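Structure first, commentary second.
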Amino acid sequence: MENALFTYALRLGDDSLVLGQRLSEWCGHAPTIEVDLSLANVALDLVGQAQLFLGYAGEVEGKGRDADRLAFHRDVLAWTNCLMVEQPNGDFGRTIARQFLFSTWQKSLFDGLAASKDQRLAEIAAKAVKEVAYHADLSAEWVIRLGDGTEESRARMADGLDWHWRFVDELFQVDAVVEALVADGIAVDPASLRPVFEARVAAVLAEAGLPEMKLPRAILGGRKGHHSEHLGHMLAVMQHIPRTYPEAVW
Amino acid sequence: MENALFTYALRLGDDSLVLGQRLSEWCGHAPTIEVDLSLANVALDLVGQAQLFLGYAGEVEGKGRDADRLAFHRDVLAWTNCLMVEQPNGDFGRTIARQFLFSTWQKSLFDGLAASKDQRLAEIAAKAVKEVAYHADLSAEWVIRLGDGTEESRARMADGLDWHWRFVDELFQVDAVVEALVADGIAVDPASLRPVFEARVAAVLAEAGLPEMKLPRAILGGRKGHHSEHLGHMLAVMQHIPRTYPEAVW
Amino acid sequence: QELVDAFEARVAADAFIEPKDWMPEAYRRTLIRQISQHAHSEIVGMLPEGNWITRAPSLKRKAILLAKVQDEGGHGLYLYSAAETLGSSREEMIDALHSGKAKYSTIFNYPTLTWADIGAIGWLVDGAAIMNQVPLQRTSYGPYARAMVRVCKEESFHQRQGYDALIVMANGTDEQKAMVQDAIDRWWWPAIMMFGPSDDNSPNSAQSIRWRIKRETNDELRQKFIDATVPQVLLLGMKVPDADLKWNEERGHYDYGALDWEEFYAVVRGEGPTAKERMEARRKAWDDGAWVREAADAYEARRRLKAAA
Amino acid sequence: QELVDAFEARVAADAFIEPKDWMPEAYRRTLIRQISQHAHSEIVGMLPEGNWITRAPSLKRKAILLAKVQDEGGHGLYLYSAAETLGSSREEMIDALHSGKAKYSTIFNYPTLTWADIGAIGWLVDGAAIMNQVPLQRTSYGPYARAMVRVCKEESFHQRQGYDALIVMANGTDEQKAMVQDAIDRWWWPAIMMFGPSDDNSPNSAQSIRWRIKRETNDELRQKFIDATVPQVLLLGMKVPDADLKWNEERGHYDYGALDWEEFYAVVRGEGPTAKERMEARRKAWDDGAWVREAADAYEARRRLKAAA
């Protein structure tokens, strides 16, 4: 049971950290300064969430691993984030598609998690849900703006969504870990999130004038460490300094 | 004195390894299969040279560091390659510009080094010089082909050269290490290489219909560990696995 | 009809058909499809392995992998050349790949996650490829058969190198052992699916075998591969991820579990985990390189013009 | 002439000039140049620091650095806005940056090589910037002065954070200490050159001081910075890379070695070590983002049209 809680907290932390890391790659390179700032802002929120979730995961595990240890000293097979967040930034359309799908899901997840019987998870989620609501709104506005902008932006927005659809099902995946924690009132039942998610996505796509989503075959694996090829490269960069100076404090 | 020889062998090895690593990034992504193979071939030659030079550097140092130890367990300030080889691949024009300038220099360097009083350096250089002659010819042919190809290719080739000119002077830099070894007949006097280099570059540019080279202010620093921002990112990727599993043998 | 009879007789006599020889249109088309698909597989196959060149764990392994991927590009080249002798141009074939019309081996739509995957690809994927290709050294079309001789020789070398890399890891740290097992778990089923649908569902097989384009059925080859490979897995101290696998004394073969054909056909349809990445990488390389190819053509044309003047 | 006199009198009385007020064209032009240059510096300055966000050595440091770089973008925004009040559009200013017509602080043409550089930038570069900017909180142009109040407050915070990061490293491993010293060696001279040419070679200074656009000379500010910073270097247990540096009891200031003005002017001319990288990164971000800006404009125009209908 503790192990399930550890894994669950780890997944939540990994999702936030990996996406925060991706977004921070934009820093200094976004289409406008305003966009640059808003992406950095979302990245900052996500890194903050990661610190809390990973820190809690380390406590639950009880082996002396803190958030930094978990972030910088695990290799790819031990990462439990969903595949969507590790996808490369691509162009701004892909970045926004990823953000919109992920944050829309994360928003309803955290809404539910704020009522978790695990007090610490509930607290972290309650604190983070306001941030996430902003991420979801911000990215939804961009989906609409790009979908309803120019011909090019519409095509790029559609391409961005097309890249990410196959990772949507994984967000709602149920495995033994989730099952056990749902039964205990700790985790949120993924099935319960799906209608809210689908309704919101459908509404935004409609407003953006983009075609309805038809999900292709799901690609799964992230939750058990089977990732895309992208994650390893991200970890190489992210972990280089802590790996190089394992004894150092910063 | 041994320290100078160590540093000199290290520089030779670092040059080859860093450029080999850069070229290997092209693998699977080149403009044609033939080009893909020839870039991989050059990369392979360079990695082979690096093994020999770094292995020898480790022996000279006598602290038990072998070629892999030197390649995978030094951080950026300890790298002694010239700045040119660590430059990003950019488009094929930049890659070719870098290869042409570097290999043309390396060819005349190895020609001279084959007569070094240090037998091991002489042997390695004598073995490598045939490979390098091929690299220099191959890249010269591409400079001509791109310079004398289409308007676009000419512009891109010129841009590639423009990116790299500022790193040419460093190839001929003399410092205490080089001075000491030149006096001992071990290193090649960089000044002696310059006329050959300039004549060859001028001839190829003329045939390519590209403007004569006018070198801008030199950017220096690589030989003493002061690199561009690019090298750190390369090392993060290159060293990730050995850093992550310091005890493992592969 | 005389031509057809003569052709069929030559093939039945295990003689080689050469580019200038008459051949049935269906034979030509089947061969172009098969050879170009094979060539595409070599080229796309550079990507999952190329993914690890920059991160190879030692200089020696980096050099070995660079050489291996280079060999694969080389195979792609011979095979495109062999297909060209049948009247298909390289551009046509590459366009067919990029448009999704032409297929390539489903195996390359799986990602390489750890260094053990590089060993596993050499050992299992090249191993399965060899099993498929050894008979093709005697395939009826001469240029294809000759390309296969060279390809098989190099692939055998790669297979040994891949297995060798895994032996070192299997004798290494716990983390290395875990990577090897994880790689086997992920690559085993896709590798044994490389032989294609089971014989009941492989409609073209009979014709291809009659024409000596194929020489053994998918299931025969698969069984051979499993029989040869299971002992190698055990020798590494690893497990085969198939609960139903057991030696059948009577058949003299391993029995094995049911293959997930739904997965196989999904990947054939382009829905494999890294299918989008592979196609995007190939198209991007091609598009980004257009100016280089155009420049080379323009230069060549001008050079020829000068030579003629 | 009446207008000019009134303007000069207001400035001399340390009153603020506001956007609607009359001002001499040269004053306006000087301010646009100075404010936009300052804005460009903030934006270009995001790059050397942004270079380390993905590699920050701990989650805490990553968050701090993200927040810092975000602040700098924010400063860029206020400053562009302040310049816009003088009648220059953001697009014009950005075009001038990308064409090389407008300058930005030379310091950002040096690379960040280790994590210690991030500390050094916060401490030395932001420190020098503050020294320059504190007097500008009372500069004669109101919007600029008000922007400076906010900027200075945040920069002081950054400076403390940067120095704090270096204290941790200076008390760390030998490798960390070496990185700190190396960072100081590389950033010291460029930092003290941030105050610009010495007063003898700074032709615009007198006019700028009269107009209260500047309030102290380059050399005065430089001396202040050195006097404040040397003790901080020593407190870290590090050395100042200046053999001529020594306390001058009589002057009550540090004497310091000759600055390499050739280097300074070369970097001003765009020949700094990472000048090409910086401009390429900015241009690429702008060009790659064109479709996004166009889409936002098109959407906005359509929305307004609908609202009006």
Side-chain angles (χ1 to χ4, degrees), chain A residues 17 20-41 43-45 47-48 50-51 54-55 66-68 70-72 91-93 96 142 144-157 234 237-242 244-245 247-250, chain D residues 39 42-67 69-74 76-77 80 90 94 114-115 119 165 168-169 171-173 175-176 179 281-282 284-286 288-300 302-303:
Chain A
L17 181 53
Q21 176 77 4
R22 275 286 181 243
L23 288 174
S24 72
E25 294 170 8
W26 271 106
C27 192
H29 307 280
T32 68
I33 307 169
E34 287 83 352
V35 171
D36 218 316
L37 297 186
S38 63
L39 293 177
N41 193 31
L44 190 53
D45 289 342
V47 171
Q51 283 179 285
L54 293 181
D66 62 8
D68 280 341
L70 288 169
F72 298 111
D91 68 4
F92 187 66
I96 286 297
W142 272 111
I144 294 165
R145 210 173 277 136
L146 297 179
D148 193 20
T150 64
E151 219 170 300
E152 179 177 8
S153 72
R154 184 191 155 78
R156 285 178 182 264
M157 191 63 239
M234 171 191 282
V237 170
M238 185 169 90
Q239 300 180 334
H240 186 233
I241 300 304
T244 300
Y245 305 103
E247 308 302 329
V249 173
W250 304 91
Chain D
E42 297 283 357
I43 298 306
V44 177
M46 295 171 79
L47 297 172
E49 295 187 289
N51 181 43
W52 277 91
I53 295 176
T54 55
R55 289 178 295 167
S58 73
L59 294 175
K60 181 184 127 192
R61 294 291 172 194
K62 192 188 290 288
I64 289 175
L65 183 55
L66 258 170
V69 180
Q70 201 183 5
D71 283 348
E72 272 148 25
L77 274 187
Y80 282 126
R90 175 130 49 121
I94 287 179
T114 74
W115 178 251
V168 174
M169 291 181 74
N171 288 302
T173 67
E175 288 155 322
Q176 287 178 297
M179 279 184 220
R282 285 310 315 158
K284 185 173 189 311
W286 193 247
D288 287 356
W291 69 271
V292 177
R293 296 190 304 276
E294 283 159 20
D297 290 347
Y299 175 79
E300 192 53 31
R302 200 169 306 135
R303 210 187 53 81

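Residue numbering restarts at 1 for every chain, and letters A, B, ... go by the order of the sequence lines. All figures in this text were calculated on a predicted structure; none of them were measured in a lab.
D:Leu66 and A:Ser24 make their closest contact through CD2-CB, 4.1 Å (heavy atoms, listed as atom of the first residue, atom of the second, distance). The nearest pair of heavy atoms linking A:Leu44 to D:Ala63 is CD1-O, 3.2 Å. Residues A:Pro31 and D:Gly289 come closest through the heavy atom pair CB-CA, 3.6 Å. Pairing each heavy atom of D:Arg282 with each of A:Gly28, the nearest pair is NH1-O, 2.8 Å. Minimum heavy-atom separation, D:Leu59 to A:Phe72: N-CE1, 3.6 Å.
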Decide yes or no on side chain to side chain contact (heavy atoms under 4.5 Å, CB included) for A:Trp250 and D:Lys60, but give the supporting numbers first. CA-CA 9 Å; A:Trp250 304 91; D:Lys60 181 184 127 192; over 6 Å; no

Determine, stepwise, if the pair A:Gln21 / D:Ile53 fulfils side chain to side chain contact (heavy atoms under 4.5 Å, CB included). CA-CA 8 Å; A:Gln21 176 77 4; D:Ile53 295 176; 6.0 Å; no

Between A:Tyr245 and D:Glu175, is the side chain to side chain contact (heavy atoms under 4.5 Å, CB included) condition met? List the steps. CA-CA 8 Å; A:Tyr245 305 103; D:Glu175 288 155 322; 3.3 Å; yes

Before you tell me yes or no, could you show the steps for D:Lys284 and A:His29 under side chain to side chain contact (heavy atoms under 4.5 Å, CB included), namely the whole-Å CA-CA distance, both residues' side-chain angles and the distance that decides it to 0.1 Å? CA-CA 8 Å; D:Lys284 185 173 189 311; A:His29 307 280; over 6 Å; no

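Each of A:Asp148, A:Thr150, A:Leu146 was compared with D:Tyr299 under the side-chain contact (heavy atoms from CB on, under 4.5 Å) criterion, and only A:Asp148 meets it.
Residue A:Trp26 does not touch chain D at all, counting heavy-atom pairs closer than 4.5 Å. With a 4.5 angstrom heavy-atom cutoff, D:Ala290 does not touch chain A via any of its atoms. Of the atoms belonging to A:Ala71, it is side-chain heavy atoms, and not backbone ones, that fall under 4.5 Å from chain D. Of the atoms belonging to A:Val237, heavy atoms from both backbone and side chain fall under 4.5 Å from chain D. For a residue to count as touching a neighbouring chain, one of its non-hydrogen atoms must lie under 4.5 Å from one of that chain's; by this rule A:Arg22 does not touch chain D. At a 4.5 Å heavy-atom cutoff, the contact between A:Ile144 and chain D is made by backbone and side-chain atoms alike.
For the set D:Met169, D:Gln70, D:Met46, the entry with the most heavy-atom pairs within less than 4.5 Å of chain A is D:Gln70. Options D:Glu294, D:Arg293, D:Arg302 differ in how many heavy-atom pairs under 4.5 Å they form with chain A, and the most are formed by D:Arg302. Note on A:Leu54, A:Ile241, A:Leu37: by heavy-atom pairs under 4.5 Å with chain D, the leading option is A:Leu37. For chain A, the option among D:Gly73, D:Ala296, D:Ala295 with the highest count of heavy-atom pairs below 4.5 Å is D:Ala295. Heavy-atom pairs under 4.5 Å with chain A peak, among D:Gly172, D:Ser58, D:Ala298, D:Ala67, at D:Ser58. Note on D:Val168, D:Thr54, D:Val44, D:Asn171: by heavy-atom pairs under 4.5 Å with chain A, the leading option is D:Thr54.
Atom CD1 in A:Ile33 sits 5.0 Å away from atom OH in D:Tyr80 (nearest 0.5 Å).
In summary, A:Glu34 and D:Arg90 engage in a salt bridge, as defined by a charged side-chain N under 4.0 Å from a carboxylate O.
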